[in-house]
Amino acid sequence: MNRLSIEGVSRNFGGVRALDDVSFVVEPGTIHGLIGPNGAGKTTLINILSGLLPPNTGRMSYKNCDLHRLAVYQMAAIGIARTFQNIRLFPHMTCLENVEAGQHLTSRRSLLPRLLQLPSARREDRQLHERAMQTLDRVGLADKAYYQSRNLSYGERRRLEIARALALNPSLLLLDEPVAGMRQGEASVVADLLRTLCREGTTILLIEHNMSFVMSLCSRITVLDFGRVLTTGSPAEVRACHEVIEAYLGAGVPHHA
């Protein structure tokens, strides 16, 4: 089953309970939003789902695999990729090199053919280069392929991190604030990209504070409140939830998709 299932996940940090019996399902080929205020436990949950933290209790499954039993590289191997709230790129590498670095698990390259510069190694290098360029083109950065990532704008670096995650050809993409700090035009480019990925079959779980972005993009939304699930539903159901409107959305958010 290619759904992401989260059942009774809890996580403590000392005496602080960051996640408390969190359960919800992300259906295959959908965009699922995860919202809540700072400190609600959203990034903690993504860190657990991507193998950076173990849960204290609970179970997570994807593709018939118990995720809490897998190492980070094993999660990537079954098709899970993520971005980070704080951008993590190689600043002195070019955009192309950053994306190529993300292809390491999809490469069949071994040391000896590369040392000998065999035709098979050169052929695969060309293929990886072409794929990396195509991925940069998908996020609108093909013209910046040979720029060092440190020389990009903030929004461009956000898009580059998405490109590096896409280099793994993921079936499940975990995005932590993918449009934070972006202008409206840049956020629209990312929204169009995510819709395309969803149509192609990629499942997406995203954290985002831009409520207009979330409401217009996601088919389902889970709201966390102090580490617990307040509600899960469609954008319309979340908008209609009085507790969510009071605590998270506020009066200034448009009440339309």
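All residue numbers in this chain count up from 1 along the given sequence.
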Can you check whether [Y]'s main-chain N or O pairs, donor with acceptor, with [X]'s side chain at less than 3.5 Å?
X: Ser149; Y: Leu89; value: no
X: Asn98; Y: Thr94; value: yes
X: Ser50; Y: Ile46; value: yes
X: Arg131; Y: Ala167; value: yes
X: Arg159; Y: Val139; value: yes

Problem - Carboxylate-amine/guanidinium proximity below 4.0 Å for Lys42 and Glu208 - result: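 No, this pair does not count.
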
Practice task
State whether Asp225 and Arg228 are salt-bridged, where the test is any N-O pair (Lys NZ or Arg NE/NH1/NH2 against Asp/Glu carboxylate O) under 4.0 Å.
Solution key: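 Between Arg228 and Asp225 there is no salt bridge, as every charged N stays at least 4.0 Å from the carboxylate O atoms.
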
Do we see a donor-acceptor contact under 3.5 Å between the side chains of [X] and [Y]?
X: Ser188; Y: Glu186; answer: no
X: Ser219; Y: His32; answer: no
X: Thr44; Y: Arg11; answer: no
X: Lys63; Y: Ser171; answer: yes
X: Thr196; Y: Arg199; answer: yes

Problem - Those residues that, when tested against Asp143, pass salt bridge (Lys or Arg N to Asp or Glu O under 4.0 Å) (two or more places apart) - result: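 If we apply the salt bridge (Lys or Arg N to Asp or Glu O under 4.0 Å) test to Asp143, skipping adjacent residues, there are no hits.
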
Exercise for the section: Let me see the working for Ser10 and Arg17 under side-chain hydrogen bond (donor to acceptor under 3.5 Å, both in side chains), right down to the final yes or no. Expected result: CA-CA 8 Å; Ser10 297; Arg17 198 165 183 83; 3.2 Å; yes

Problem - Member of Asn86, Thr43, Thr83 meeting the side chain to side chain donor-acceptor pair (under 3.5 Å) criterion with Asp176 - result: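 Answer to the side chain to side chain donor-acceptor pair (under 3.5 Å) test with Asp176 among Asn86, Thr43, Thr83: Thr43.
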
Exercise for the section: Flag yes if more than 12 heavy atoms outside Arg150 fall under 6.0 Å of its CZ atom; otherwise flag no. Expected result: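 Result for CZ/Arg150: enclosed.
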
Handout entry: Heavy atoms of other groups near Phe90 CZ, more than 12 under 6.0 Å
Key =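 Result for CZ/Phe90: open.
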
Problem - Distance (rounded to the nearest 0.5 Å) between Leu53 CG and Leu45 CG - result: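 It is 10.5 Å, given to the nearest 0.5 Å.
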
Exercise for the section: Could you grab the distance from atom CZ of Arg158 to atom CG of Leu152, nearest 0.5 Å is fine? Expected result: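 Atom-to-atom, Arg158:CZ and Leu152:CG are 13.5 Å apart.
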
Would you say that [X] contacts [Y] through its side chain, given a criterion of any heavy-atom pair below 4.5 Å between the two side chains?
X: Leu175; Y: Ile204; result: yes
X: Leu172; Y: Ile78; result: no
X: Leu173; Y: Leu166; result: yes

Same hydrophobic cluster for [X] and [Y], using side-chain heavy-atom links shorter than 4.5 Å among ILVMFWY?
X: Met60; Y: Leu70; result: yes
X: Val214; Y: Leu193; result: yes
X: Met215; Y: Leu230; result: yes
X: Val25; Y: Leu224; result: no

Problem - Test log, rule side chain to side chain contact (heavy atoms under 4.5 Å, CB included), inputs Ile87 and Leu160 - result: CA-CA 9 Å; Ile87 299 172; Leu160 179 57; over 6 Å; no

Handout entry: Ser153: partners by side-chain hydrogen bond (donor to acceptor under 3.5 Å, both in side chains), with sequence neighbours left out
Key =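 Applying side-chain hydrogen bond (donor to acceptor under 3.5 Å, both in side chains) to Ser153 gives Glu156.
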
